[in-house]
Amino acid sequence: MDEGAHLSGELSSREAELIKARREKLNQIISMGVSPYASFFASPEQIEYSDDLQRSYSSLQPGASSGKKVNLAGRIMAKREHGKASFIDIHDSTGKMQLIAREDVLGKEKYEFLLFLDTGDWIGVAGEVIRSKRGELSVLVEFYELLSKSLRPLPEKWHGLRDTEIKMRRRYLDLLVNAESRKIFEKRSVIIRSLRDFLDSKGFLEVETPILQPVPGGAAAKPFITHHNALNMDLYLRIAPELYLKRLLVAGFDKVYELNRNFRNEGISTKHNPEFTMLEVYQAFVDYRYMAIFLEELITTVLSEVNGTLTIEHPKGRISFERPWARMTMLEALRLYADLDLSLEMDLEELREIAEAYEVEIHPSAGKGWIIAEIFEKLVEPKIIQPTIVLDYPEEISPLARENPNAPGFTERFELIATGHEIANAFSELNDPIDQRARFLAQAEKRMAGDEAAQPLDEDFLTALEYGMPPAGGLGVGIDRLVMVATGCSSIREVILFPQLRRESQGE
RNA sequence: GGGCCAGUAGCUCAGUUGGCAGAGCACCGGACUUUUAAUCCGGGUGUCGGAGGUUCGAUUCCUCCCUGGCCUACCA
């Protein structure tokens, strides 16, 4: 026995008793010759949804009968027994519908069997749409069929399921009883559909590139490693699809995107899940300034569609995504938010001291650009609550971005920061194969110096670049983060259906 | 990795300055033909996260462990 007993299958006596009672009912049902797991109830087009019924019969008066017979299927969520007439709430995917069961309609035997069923059981019913005397739209049950017997008790109906551990480990229970949780994932679906619609309407091609990559590139992160037996080679779960999408630019696709799952073998937190969803978009012949406008349009379109407004009530305050968003360079942001005047002209030592003074830890191999970015991330990023385009990231930490001709040592790169987090990242893509090789070699030096996340040289990618990649803007949007912003959630686990958790302890 | 907080019935939560463990919902039995957190009557179902320790006695105090949350670090 261990702390996870209630989750890991060993049962305390109370739970065992509840389950035992339901199993006994199950046996009783079987012995009556009734299938507890019927294969089907009706064809899909014959089954109504509860919210459709609510709309269609909105004018039906209390106490009135519609004369219309419908089929409905759902899960029993509540029973109110009143002797010879009872009320049963069932939930389908769209919401709740009340069933009215009457002994004089069903006959004694069928009536009693219906009430013998438990909350959690799935049933299909047929009957007339009526409105009860108290005004609740209902189906007067004339026929029903048990579709699936539930063998475990549901969480409480009024408070729902609060325990965050059970919510995440048994997300189906959370979604089953907590409408707010369901709403988050419905919104997530709307967001993703809206992103696709937007990109498709702009003529982008949706593509799929390898998740198993021989060289994990396109971002600075530690990868998961796996092995292909037949080829006898190690492969990496991608940390980003970037280098493959750029190969497609070389190929001549000038507008491509991939909604992709990335995998990074790093810490788990309220902002990090080992696998997360990213949208990457590449468009030829544009630069990062264009991508900033593109991003504004993309995000505002999606937010309007999902929320009907560009204002979001967030734990960190009211956020407005009205355009145009603030724009500033990283150095300007450091001046504005941290009152720090930094530049690449300063000595490395001086920058190190400033970092130390603000308790910003830096990697021993970090150069000036990296240190400036570190200071920005620790001191400034959390303070940027309203959407802000932060421009010109140091070249040292941007090995795939084009250098900014107006700001030596910096690149044409921006991130969208909001609610104190990075939401999106974009640059004018580096398409010079000679420069790209040099950047990779600089990364290799960092790797030698102990920076595990430094980007490895991808010879095959360089070969592609040598054939000629058109100038292009690239954009990555963290979809989980975007959903967090759109739904006002402050933990990434709330917007991922099955977030990664520690394995349940097996006990001692 | 470090700090703080939490874990009590199937669920949501009280509580015990160390002395037989509590409520609501759910569940079981009964009444009820219009309820909707139905109501009424009766029933408490538990290894108080786990293992040790202190004690006449530990769910309560101590130590360690497990799991989760928040903060922090890491994730440039």
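When reading the values below, keep in mind they use all heavy atoms of this one structure, side chains included, and skip hydrogens, waters and symmetry mates. Order of the sequence lines sets the chain letters (A, B, ...), proteins ahead of strands, with each chain counted from 1. Note that the structure is predicted; figures quoted are calculated from it, not measured.
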- Task: Could you please name the option among B:C11, B:U12, B:G68 that lies closest to any side-chain atom of A:R162?
- Result: B:U12
- B:C40 pairs with which nucleotide, Watson-Crick or G-U wobble, both distances below 3.5 Å? B:G30
- Query: Hey, does A:T164 reach any base, or is it just sugar-phosphate, or nothing, if we go heavy atoms under 4.0 Å?
  - Reply: sugar-phosphate
- Message: What is the distance, to the nearest angstrom, from the CD1 atom on A:I268 to the C1' atom on B:G1?
- Response: 14 Å
- Task: Using a 4.0 Å heavy-atom cut-off across all strands, classify A:G160 as base, sugar-phosphate, or nothing.
- Result: sugar-phosphate
- Query: Taking only residues two or more places apart in sequence or in another chain, which ones pass ring-ring contact (aromatic ring centres under 6.0 Å, His included) with A:H82?
  - Reply: A:F87
- Whom does B:U67 pair with, Watson-Crick or G-U wobble, provided both distances fall under 3.5 Å? B:A6
- Using a heavy-atom cut-off of under 4.0 Å over every strand shown, decide if A:Q455 touches base, sugar-phosphate, or nothing. nothing
- Message: Within the 4.0 Å heavy-atom criterion, would you say A:K96 contacts the bases, only the backbone, or no part of the nucleic acid?
- Response: base
- Message: Distance check needed: B:C11 P versus A:E15 CD, whole Å only.
- Response: 7 Å
- Task: Could you give the distance separating B:U59 and B:G15 at their C1' atoms, to the nearest angstrom?
- Result: 10 Å
- Query: Quick one: does A:E165 reach the base of B:U67 with a side-chain donor-acceptor pair under 3.5 Å?
  - Reply: no
Between protein and nucleic acid, restricted to nucleotides 31-33 of chain B and to nitrogen or oxygen atoms under 3.5 Å apart, what atom pairs and distances do you find?
from  : atom 1 : to    : atom 2 : distance (Å)
B:C32 : N3     : A:E81 : O      : 3.4
B:C32 : N3     : A:G83 : N      : 3.2
B:C32 : N4     : A:G83 : N      : 3.4
B:U33 : OP2    : A:K84 : N      : 3.1

Please list, for nucleotides 24-28 of chain B, all pairs of protein and nucleotide N/O atoms separated by less than 3.5 Å.
from  : atom 1 : to     : atom 2 : distance (Å)
B:A26 : OP1    : A:K157 : NZ     : 2.8
B:C27 : O2     : A:R14  : NH2    : 3.4
B:C28 : OP1    : A:K25  : NZ     : 3.1

- Task: Using Watson-Crick or G-U wobble geometry with both distances below 3.5 Å, tell me the partner of B:C61, or none.
- Result: B:G53
- Sugar-phosphate, base or nothing in reach of A:S86, heavy atoms under 4.0 Å: nothing
- Whom does B:U47 pair with, Watson-Crick or G-U wobble, provided both distances fall under 3.5 Å? none
- Item | Taking every non-hydrogen atom, the tightest pair across A:R335 and A:D341 | NH1-OD1, 2.9 Å
